[in-house]
Structures are given as C-alpha cells and as structure tokens.
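Every chain is numbered from 1 and lettered A, B, ... according to where its sequence line falls, protein lines coming before strand lines.
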Amino acid sequence: MKIVYMGTPSFAVKPLEAMHEAGYDIELVVAKADRPKDRGKKMQSCEVKCCAERLGIPVETPEKIKGNEEFIQKIRDINPDLIVVAAYGKILPLDILEIPRLGCVNIHGSLLPKYRGAAPIQRAVINGEKETGVTLMYMGEGMDTGDMIAKAKTEVGEKTADELFVELCEIGSKLLLEYLPMIENGTAPREKQDDSQATLAPMVFKEDIDWTKSAHEIACLIRGTECRTLYKGEVMKVHFAKEGSGSGTAGTVISVTKKDVEVACGEGSLFLKNVQLPGKKAMDIDAFLLGNKIEVGTVLG
RNA sequence: CGCGGGGUGGAGCAGCUGGUAGCUUACCGGGCUCAUAACCCGGACGUCGUAGGUCCGAAUCCUACCCCCGCAA
C-alpha cells in the first residue's frame with residue numbers, strides 16, 4: 001500500500017514515525033513550506049519536515065495546493081493508495097482528495113462532530129470539557145465533516161492543552177495503526193457525523209487575562225492557551241493556576257505565602273502556580289517567590 | 001545582520017562606578033516545642049557560561065564564542 005502523508009506541526013510527527021516504524025510504505029511526506037521563525041528570523045523547517053528528512057522520506061512543501069497543477073500531478077504520478085493527514089494546516093482540494101483509491105483519512109484532535117477546525121484541543125480545554133479525544137476519519141470536502149472511522153477518549157482533568165497535545169497524538173497514532181489494516185481492505189467502519197451536534201474550534205491566540213471573569217473560566221483559559229497579565233508594569237505569563245475560593249477586588253493579590261499567591265477573580269480566586277516574566281524561564285511560583293517579593297494588594301492586569 | 005532580557009553555591013535573586021562573593025530558600029547537624037510547613041543556633045555547598053585581553057588585582061571593564069528566554073513574525 002503506497003501512502004502519502006501530510007502534516008506539519010509536532011502533533012503530526014508521532015503518526016508519521018509510527019507508520020514508518022510499522023513498515024508502511026510512505027512514498028512522500030507533504031508539509032507546510034519553511035518560514036522565517038523565531039528570533040533571528042531564520043528559515044526553519046516544520047517538525048514534520050525535519051522528521052521526514054530524518055527518516056529518509058522525500059518531502060514536498062508546496063506553498064499552495066489549490067490550482068497547483070504541478071503538485072497535484074506529482075501526487076497523481078505517485079498514485080498513492082491512501083493519503084493520511086494530520087494537522088496539515090491547509091485545505092485539501094477535491095483534486096487531491098479524489099486521487100487515492102482508498103481515500104484520505106485524517107487524525108483530528110477532538111471527539112467529532114464537536115470542535116471541528118483549527119484548534120480543537122485548546123478549545124476543549126478552554127471550554128472546560130470533562131473529556132476530549134481523537135477521531136480518525138475519512139476526509140470530505142467540508143472542514144472536518146467526513147465520515148468517522150473510530151474515536152478514542154481521554155479525561156481532560158487538570159491537563160493543559162500542551163499536555164493533551166502530547167497525549168492525543170500518542171493516542172491518535174495508535175488509533176491510526178489499529179485501523180490502517182481495515183482501511184486497506186475496505187472494512188473500516190464508516191459513521192456519518194451528526195451535523196446538528198457540530199461545534200467549531202477556531203484558532204486560539206494569546207489572551208490577556210480578564211480577572212473579572214470567574215476563577216474557573218480563567219483557569220481553563222490558562223490551561224488552554226497562552227495567557228498573560230500585567231505585573232508591576234511587566235507582561236507576566238501565567239502558565240498554570242489552581243482555583244481557590246477567596247474573594248476580593250478582581251485582579252488583586254489577596255494572600256501570599258512562601259509557596260502561594262492568591263489572586264481574586266470576578267468569582268472565586270486563583271492560586272498562581274507557574275509564571276514567567278519576559279526574558280526569564282517559566283518557573284513554579286515558590287521558586288519565583290524566592291527572588292521576587294509579591295505583596296498583598298498588588299493589582300494584576 | 002528584526003528588537004530586547006539573561007547566564008553567580010540545588011533553586012530564585014543581589015552584587016557589576018574593579019580589591020577573590022551576599023540574600024532568600026532548600027540541604028546537613030543541634031536546640032525549642034505535645035508538635036510543626038513555625039522559631040533559634042551552627043554547618044556544608046560557588047573554577048561568578050567559555051576563551052582571550054586590559055590591570056598590581058575582575059563576577060565586576062574590553063573582545064569573540066556558546067547556551068537560555070521574551071517580543072515580533
């Protein structure tokens with residue numbers, strides 16, 4: 001079975017490695033084009049491209065796919081039996097989807113039909129979902145609307161989106177390997193999505209903490225995406241916080257011990273657990289307190 | 001050459017207008033206490049990122065390099 005794999009970020013590395021390790025014939029890897037990234041504005045390859053090069057698999061990084069006849073023809077020439085996609089980051093036109101005889105399957109980081117779109121994992125955390133998971137699915141024309149093959153769940157608990165990313169791509173890889181044989185011989189399940197239950201998971205961005213929101217809401221937001229607030233005129237990132245039941249003026253530090261800083265929210269309070277100042281590394285609050293005096297009454301935001 | 005912050009005992013910081021290093025915490029020992037994450041006394045732990053240079057003498061000044069991080073993309 002000839003496979004073409006399409007993916008870009010770290011989430012898509014594991015499945016590629018897993019298939020390669022399992023001995024599948026991956027003819028080509030398609031990843032997003034190199035971009036100048038981070039400080040120094042140097043061109044950097046995405047994780048999947050690096051991985052493919054490491055594994056000795058040819059890589060294509062087309063800027064555009066839609067209307068890119070040269071690229072589409074290249075895929076046709078390879079004549080793959082299956083295309084596997086994981087967080088590729090670009091919409092695949094019908095021209096591509098119709099090429100492989102076994103179709104295109106996608107690994108999506110949510111329990112479809114919930115959280116279709118770009119940031120399913122983060123959105124699930126931000127919305128305070130109790131559980132989330134991975135869905136293996138056939139790709140259709142719409143965004144994450146295709147027929148589902150299988151799902152795997154996991155508890156969200158107090159996990160951050162980052163932690164969930166690691167866990168879910170692990171789960172996704174296993175799910176893929178488990179169903180690949182069935183996909184190959186055409187016996188894989190095929191369940192339609194209930195569109196009436198569908199929700200969207202748009203991209204997430206850095207957020208400034210709004211302390212007037214409830215502690216729970218803020219805690220979920222912090223676990224789901226990069227959050228920051230203003231501390232003594234500096235941008236402080238809050239990487240993790242636990243909910244408390246204190247009260248006071250929203251955004252005000254209401255108690256400080258050697259290992260805790262409690263901030264009042266619109267409803268309830270939050271214990272800052274891991275923070276980061278510009279130029280510094282992220283550190284647990286007790287370490288932070290060793291060299292930084294935070295006083296009760298300090299206002300954040 | 002995108003902008004900027006930083007590398008000092010295990011951890012977080014100070015010192016940086018030059019004279020071999022300080023604070024908080026952790027750690028070890030002892031004391032107080034019914035007890036303690038509280039308090040008191042004592043102790044160990046540092047080639048101050050690396051390599052050169054200036055100087056009588058550098059963590060502190062100069063040069064190059066390595067590493068970490070924030071912004072912006």
Side-chain angles (χ1 to χ4, degrees), chain A residues 7-13 30-51 54 59 61-65 87-91 117-119 121-123 125-126 158 160-163 165-166 201-211 218-219 221-246 251 253-263 269-301:
Chain A
T8 297
S10 54
F11 182 79
V13 169
V30 182
K32 260 196 193 170
D34 297 357
R35 287 272 145 63
K37 277 197 336 196
D38 293 313
R39 53 190 96 87
K41 73 146 195 175
K42 289 171 196 137
M43 290 298 265
Q44 284 181 30
S45 302
C46 65
E47 287 85 340
V48 165
K49 181 178 175 184
C50 291
C51 175
R54 204 167 58 238
V59 186
T61 56
E63 278 294 341
K64 277 203 317 193
I65 292 191
Y88 174 56
K90 285 181 185 297
I91 304 286
I121 300 174
Q122 295 98 316
R123 289 293 170 192
V125 174
I126 291 170
E158 282 205 322
T160 63
D162 282 349
E163 292 166 340
F165 259 106
V166 174
M203 261 199 277
V204 294
F205 301 95
K206 293 175 184 174
E207 294 272 352
D208 292 314
I209 296 173
D210 176 358
W211 293 102
I218 299 172
L221 189 67
I222 288 172
R223 285 187 288 112
T225 188
E226 194 166 300
C227 287
R228 38 196 187 179
T229 190
L230 224 48
Y231 168 70
K232 290 183 179 170
E234 289 193 291
V235 175
M236 175 191 261
K237 287 191 187 179
V238 181
H239 295 297
F240 194 75
K242 285 201 174 211
E243 295 172 46
S245 53
V253 174
I254 53 178
S255 80
V256 177
T257 67
K258 282 183 181 174
K259 46 183 60 179
D260 269 311
V261 173
E262 185 180 15
V263 184
S269 62
L270 281 180
F271 289 99
L272 271 30
K273 285 301 182 188
N274 189 283
V275 299
Q276 178 173 27
L277 249 25
K280 297 295 190 178
K281 289 186 181 177
M283 59 183 108
D284 289 335
I285 197 66
D286 52 343
F288 181 86
L289 286 168
L290 292 178
N292 298 275
K293 300 294 172 214
I294 296 185
E295 279 151 26
V296 172
T298 304
V299 177
L300 303 182

Can you tell me how far P of B:rC71 sits from CE of A:Met236, to the nearest Å? 14 Å

Between B:rA59 and B:rG6, how far is it from one C1' atom to the other, in whole Å? 15 Å

Scan A:Asp284 against the nucleic acid and name what it touches under 4.0 Å (heavy atoms): base, sugar-phosphate only, or nothing. nothing

Measuring only the P atom in each nucleotide, how far is B:rA37 from B:rC48? A whole number of Å is fine. 35 Å

Nearest whole angstrom, please: distance from the P of B:rA37 to the CG of A:Asp286. 16 Å

For B:rG49 versus B:rU8, give the span between their P atoms, rounded off to a whole number of Å. 6 Å

Select base, sugar-phosphate, or nothing to describe what A:Lys258 touches, counting heavy atoms under 4.0 Å on all strands. sugar-phosphate

Distance between the C1' atoms of B:rU63 and B:rG70, in whole angstroms? 27 Å

Could you state the atom-to-atom distance from CE of A:Met43 to C1' of B:rC1 in whole Å? 16 Å

Are the side chains of A:Phe288 and A:Leu277 in contact, using a 4.5 Å heavy-atom criterion? yes

Once you round it to whole Å, what is the distance between P of B:rG4 and NZ of A:Lys41? 16 Å

Can you check the A:Lys37 NZ to B:rG70 P distance for me, whole Å? 14 Å

Which heavy atom of A:Ile121 sits nearest a heavy atom of A:Phe11, and at what distance? CD1-CE1, 3.9 Å

Taking the side chain of A:Gln276 as its heavy atoms from C-beta onward, which of B:rC1, B:rC69, B:rC39 lies nearest to it? B:rC69

Taking atom C1' in both B:rG7 and B:rC65, what distance in whole Å separates the two? 14 Å

Given atom CG of A:Asp208 and atom P of B:rG70, what is their separation to the nearest angstrom? 17 Å

With a cut-off of less than 4.0 Å, is there a side-chain N or O of A:Lys42 near OP1 or OP2 of B:rG2? no

Figure out the NZ/C1' separation between A:Lys237 and B:rG5, and round it to whole Å. 13 Å

Would you mind checking if A:Glu158 and A:Lys242 are paired as a salt bridge, meaning a charged N to carboxylate O distance below 4.0 Å? yes

Rounded off to whole Å, could you give me the CZ-to-P distance for the A:Phe205 and B:rC71 pair? 15 Å

Does B:rC55 have a Watson-Crick or wobble mate here (both distances under 3.5 Å), and if so which one? none

Taking all non-hydrogen atoms of both residues into account, name the closest pair between A:Ala241 and A:Ile222 and its distance. CB-CD1, 3.9 Å

Partner nucleotide of B:rC3 by Watson-Crick or wobble geometry (both distances under 3.5 Å): B:rG70

So, taking the atom named CZ in A:Phe271 and the one named NZ in A:Lys259, what distance separates them when rounded to the nearest 0.5 Å? 13.5 Å

Given the structure, check if the side chain of A:Arg39 and the base of B:rG70 hold any donor-acceptor pair shorter than 3.5 Å. yes

Span that lies between the C1' atom of B:rC67 and that of B:rU50, in whole angstrom: 10 Å

Could you tell me the Watson-Crick or G-U partner of B:rC39, where both distances fall under 3.5 Å? Say none if there is no partner. B:rG31

Could you report the tightest heavy-atom contact between A:Pro9 and A:Val48, atom names first, then the distance? O-CG2, 3.6 Å

Taking only the C1' atom of each, what is the distance from B:rC39 to B:rU33 in whole angstrom? 10 Å

Given the rule in the side chain to side chain donor-acceptor pair (under 3.5 Å) test, do A:Ser269 and A:Glu262 qualify, once you have shown the distances and angles that lead to the verdict? CA-CA 7 Å; A:Ser269 62; A:Glu262 185 180 15; 2.7 Å; yes

Any strand is fair game: report the nucleotide pairing with B:rU24 by Watson-Crick or G-U wobble, both distances under 3.5 Å, or none. B:rA11

Which whole number of Å gives the distance between the C1' atom of B:rG18 and that of B:rC61? 8 Å

Hey, does the side chain of A:Thr61 reach the backbone of A:Ala33 with a donor-acceptor pair shorter than 3.5 angstrom? no

Scan A:Gln44 against the nucleic acid and name what it touches under 4.0 Å (heavy atoms): base, sugar-phosphate only, or nothing. nothing

On a heavy-atom basis, which atom in A:Ile218 and which in A:Asp210 lie closest, and how many Å separate them? CD1-O, 3.4 Å

With the criterion being N/O to N/O and under 3.5 Å, what pairs connect the protein with nucleotides 12-15 of chain B, and how long is each?
from	atom 1	to	atom 2	distance (Å)
B:rG12	O4'	A:Ala287	O	3.4
B:rG12	O2'	A:Ala287	O	3.2
B:rG12	O2'	A:Gly291	N	3.2
B:rG12	N2	A:Leu290	O	3.3
B:rC13	OP1	A:Lys280	NZ	3.4

